[in-house]
Amino acid sequence: MRAPSFSASTTCKTPCCSKVGIKRGPWTPEEDELLSNYVKKEGEGRWRTLPKRAGLQRCGKSCRLRWMNYLRPSVKRGHIAPDEEDLILRLHRLLGNRWSLIAGRIPGRTDNEIKNYWNTHLRPLF
DNA sequence: AATCGGCTCAACCGCCGGGCG
DNA sequence: ACGCCCGGCGGTTGAGCCGAT
C-alpha cells in the first residue's frame with residue numbers, strides 16, 4: 001500500500017493532485033463501489049469530470065487507472081500461467097517495452113500487470 | 001521474540017500524440 | 001492552421017508482506 005507522502009498545497013506540482021481535497025493512495029472498497037457502479041451505468045470516458053459526477057474525491061486519471069486495471073469486468077487478475085509467461089516472453093522479444101501492445105494480445109491482462117510481471121520475474125533473467 | 005532486507009505490485013508521475021474547437 | 005486539453009503510455013516508487021537471521 002502507498003501512503004500519500006503529500007503535504008497539502010506546497011510540494012506537489014502535478015495538475016492532477018495540485019487541488020486540495022483530492023485523495024491519493026490506495027482505493028477503499030467504498031470508492032471501488034462508487035466508481036464501478038458509475039462506470040457500469042454511464043460507461044467509460046469523460047474521465048476528468050467523472051470523479052465529481054460519481055461522488056469521488058479523486059482525480060480523473062486515478063479513476064481511469066483503477067477502472068482499467070482492477071474494476072473492469074474483463075480483467076482476469078491473479079497468477080500468470082506458464083503459457084501466458086511464454087507469450088509475454090515472445091511478444092516482448094518482438095515488441096520491446098510496448099506493454100499496452102503486449103497486453104492487447106493477452107486476453108484479460110493489463111499493461112500494468114504485464115509490466116510488473118516482466119520487471120519482477122522476467123527481466124532479472126536477462 | 002524482534003529486527004532486517006528483499007520482493008511485490010498498486011498507484012503514482014511526467015510526457016507525448018491525437019482530436020477537436 | 002493551430003493551440004489546448006485529455007487520455008494513454010512507459011517508467012518509477014515505496015508501504016507492507018514475508019522469510020531469514
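In what follows, every chain begins at residue 1, and chains take the letters A, B, ... in the order their sequences are listed.
- In this structure, CH2 of A:Trp67 is placed 16 Å from P of C:dG7, rounded to the nearest angstrom.
- If you take CG of A:Leu95 and P of C:dC9, they are 13 Å apart, rounded to a whole angstrom.
- Distance CD (A:Glu44) to C1' (C:dC6): 15 Å, rounded to an integer number of Å.
- Atom CZ in A:Arg46 sits roughly 17 Å away from atom C1' in B:dG19 (whole-Å rounding).
- Comparing B:dC12, B:dA11, C:dG10 against the side chain of A:Arg98 picks out C:dG10 as the nearest.
- When distances are taken from the side chain of A:Met68 to each of B:dA10, B:dA11, C:dG8, the shortest belongs to C:dG8.
- Computed from coordinates, the A:Trp118 CH2 to B:dA10 P distance equals 20 Å when rounded to whole Å.
- Nearest nucleotide to the A:Trp99 side chain, out of B:dC12, C:dG8, C:dG11: C:dG11.
- Between A:Tyr70 and A:Val75, the closest heavy-atom pair is O-CG2, 3.7 Å.
- More than 12 non-hydrogen atoms from other residues, nucleotides or ligands lie less than 6.0 angstrom from NZ of A:Lys76.
- With distances taken from any side-chain atom of A:Tyr70 to the nucleotides B:dA10, C:dG8, C:dC6, the minimum falls on B:dA10.
- Atom CD of A:Glu113 is separated from atom P of B:dT8 by 14 Å (rounded to the nearest Å).
- Look at A:Arg123 and you won't find any side-chain N or O under 4.0 angstrom from OP1 or OP2 of B:dT8.
- Across C:dG11, B:dT8, B:dA10, the shortest atom-to-atom separation from the side chain of A:Arg66 is found for B:dA10.
- Here the side chain of A:Thr120 is nearest to one of B:dC12, C:dG7, B:dC9, namely B:dC9.
- The side chain of A:Asp111 approaches C:dC9 more closely than any other nucleotide in the set C:dC9, C:dC6, C:dG11.
- The OH atom of A:Tyr117 sits 14 Å away from the P atom of B:dA10 (whole-angstrom rounding).
- With hydrogens and angles disregarded, no donor-acceptor distance shorter than 3.5 Å links the side chain of A:Arg90 to the backbone of A:Asp86.
- Although no hydrogens or angles enter the test, the distance criterion places a donor-acceptor pair under 3.5 Å between the side chain of A:Arg53 and the main chain of A:Arg46.
- Using a 4.0 Å heavy-atom criterion, one finds that A:Asn69 contacts no nucleic acid atom at all.
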**Item:** Working for side-chain contact (heavy atoms from CB on, under 4.5 Å), residues A:Ile106 and A:Leu91
**Value:** CA-CA 10 Å; A:Ile106 306 179; A:Leu91 287 169; 4.1 Å; yes
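- Rounded to whole angstrom, the span from the CD1 atom of A:Ile102 across to the P atom of C:dC9 amounts to 12 Å.
- Among the protein residues, A:Asn116 comes within range of the nucleic acid bases, having at least one heavy atom under 4.0 Å from a base atom.
- Comparing B:dT8, C:dG7, B:dA11 by their closest approach to the side chain of A:Trp47 singles out C:dG7.
- With distances taken from any side-chain atom of A:His121 to the nucleotides C:dG11, B:dC15, B:dC9, the minimum falls on B:dC9.
- Nucleic acid contact for A:Ser100: sugar-phosphate only, since backbone atoms but no base atoms lie under 4.0 Å from a heavy atom of the residue.
- Between A:Tyr38 and A:Trp67, the distance from one ring center to the other does not fall under 6.0 angstrom.
- You'll find a donor-acceptor pair under 3.5 Å spanning the side chain of A:Lys61 and the base of C:dG8, going by distance alone.
- Ranking B:dC15, C:dG11, B:dA11 by closeness to the A:Leu65 side chain, first place goes to B:dA11.
- Contact annotation: A:Arg64 does not reach the phosphate of C:dC6 (side-chain N/O to OP1 or OP2, under 4.0 Å).
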